[in-house]
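Take a look at the structure below.
Counting starts at 1 for both ligands and their atoms, in listed order.
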Amino acid sequence: MSAKPLRLGVNIDHVATLRNARGGARPDPLRAALLAIEAGADGITAHLREDRRHITDADMARLKAGISKPLNFEMAATAQMLDIALATAPHAACLVPEKRTERTTEGGLDVIGGHDYLVPFVDQLTRGGIRVSLFIEPSTEAIDAAASIRAPVVELHTGAWCHAVETGDLARAEREFARVVAAAAYGAEKGLEIHAGHGLDYDTARRVSALPQIAELNIGHFLIGEAVFVGLSEAIRQMRAAMDAGRASVAP
Ligand code: PXP
């Protein structure tokens with residue numbers, strides 16, 4: 001298949017993490033978002049967590065009002081978040097699982113057990129003009145369940161693969177990557193738009209960009225970490241170059 005254009009969504013949650021470590025207003029996530037867009041981000045992602053550990057309600061409102069590119073509102077599928085998302089009216093919402101004790105989003109959404117709850121939830125967001133994606137494990141079961149929930153987009157969780165790469169467990173990394181490859185192909189066959197994210201760095205982003213079905217990557221922690229060393233604009237430019245190199249390797 002011919003490859004789709006590949007968008008980069010920059011997740012600015014950890015700019016807020018850094019700000020909240022001291023309290024006060026700096027560094028400002030909106031300033032980071034504007035800089036990210038200037039450096040080539042196609043959209044901005046922010047996760048309003050139940051415990052507000054990084055992004056706050058006020059951040060979300062400022063981002064929506066202040067950026068010129070699409071805002072992707074990451075959220076748990078709770079009644080409170082539904083109200084806030086509908087009031088904020090972002091371009092997109094990505095539904096993720098959330099546990100208070102986790103450090104980041106561990107594992108995909110339970111789209112099988114949560115089916116009956118998620119169908120009307122997704123429907124309300126969709127009727128509010130918000131494009132919904134479901135953050136899922138890269139498996140055929142999760143794709144089938146996501147398709148039956150009628151969200152137009154799935155974001156494949158790349159965390160297990162990236163963790164295996166980072167810890168040098170290469171056999172596991174290849175198995176996990178094969179799951180991402182298969183899920184991207186299967187999901188596209190089912191008519192879903194395919195996104196991917198979690199734990200990506202330059203190398204893993206380059207590799208996953210070679211999957212022609214993938215339309216968007218959402219990347220945060222690595223970019224904010226790299227920004228300490230090379231600056232946010234340069235980190236985003238290098239990420240964009242890695243993605244373009246990966247995409248260029250796809251047969252036309
Ligand atoms: N996509 C989703 C759905 C996420 O929950 C996260 C983490 O907030 C990311 C992408 C970005 O992950 P990372 O910060 O590891 O790049």
- Task: Check each heavy atom of E74 against ligand 1 and say whether those closer than 4.0 Å belong to the side chain, the backbone, both or neither.
- Result: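 The side chain, only.
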
- Item | Contact partition for H157 relative to ligand 1, non-hydrogen atoms under 4.0 Å |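 Contact part for H157 vs ligand 1: neither.
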
Hey, which atoms in ligand 1 end up nearer than 4.0 Å to a heavy atom of [X]?
X    : value
G199 : 12 (O), 13 (P), 15 (O), 16 (O)
G220 : 13 (P), 14 (O), 16 (O)
V96  : 3 (C)
N11  : 8 (O)
I219 : 16 (O)
N218 : 10 (C), 11 (C)
F135 : 2 (C), 3 (C)

Got a salt bridge between [X] and [Y], using NZ or NE/NH1/NH2 to carboxylate O under 4.0 Å?
X    : Y    : result
E166 : R172 : no
D28  : R19  : no
R206 : D203 : yes

- Got an N/O contact under 3.5 Å between H14 and ligand 1?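 No, there is no polar N/O contact under 3.5 Å.
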
- Item | Short side-chain donor-acceptor distance under 3.5 Å, T45 and N72 |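 Judged by distance alone, the side chains do pair up.
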
- Query: For H195 and E155, does a side-chain donor sit closer than 3.5 Å to a side-chain acceptor?
  - Reply: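 No, E155 and H195 have no side-chain donor paired with an acceptor closer than 3.5 Å.
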
- Quick one: name the residues clustered hydrophobically with V228, using the 4.5 Å side-chain heavy-atom rule over I, L, V, M, F, W, Y, and just say none if it's on its own.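 Grouped by the 4.5 Å side-chain rule, F229, V230 form the rest of the cluster around V228.
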
- With A65 via side chain to side chain contact (heavy atoms under 4.5 Å, CB included) - residues at least two apart: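 Testing A65 for side chain to side chain contact (heavy atoms under 4.5 Å, CB included), a comparison that skips the adjacent residues, returns none.
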
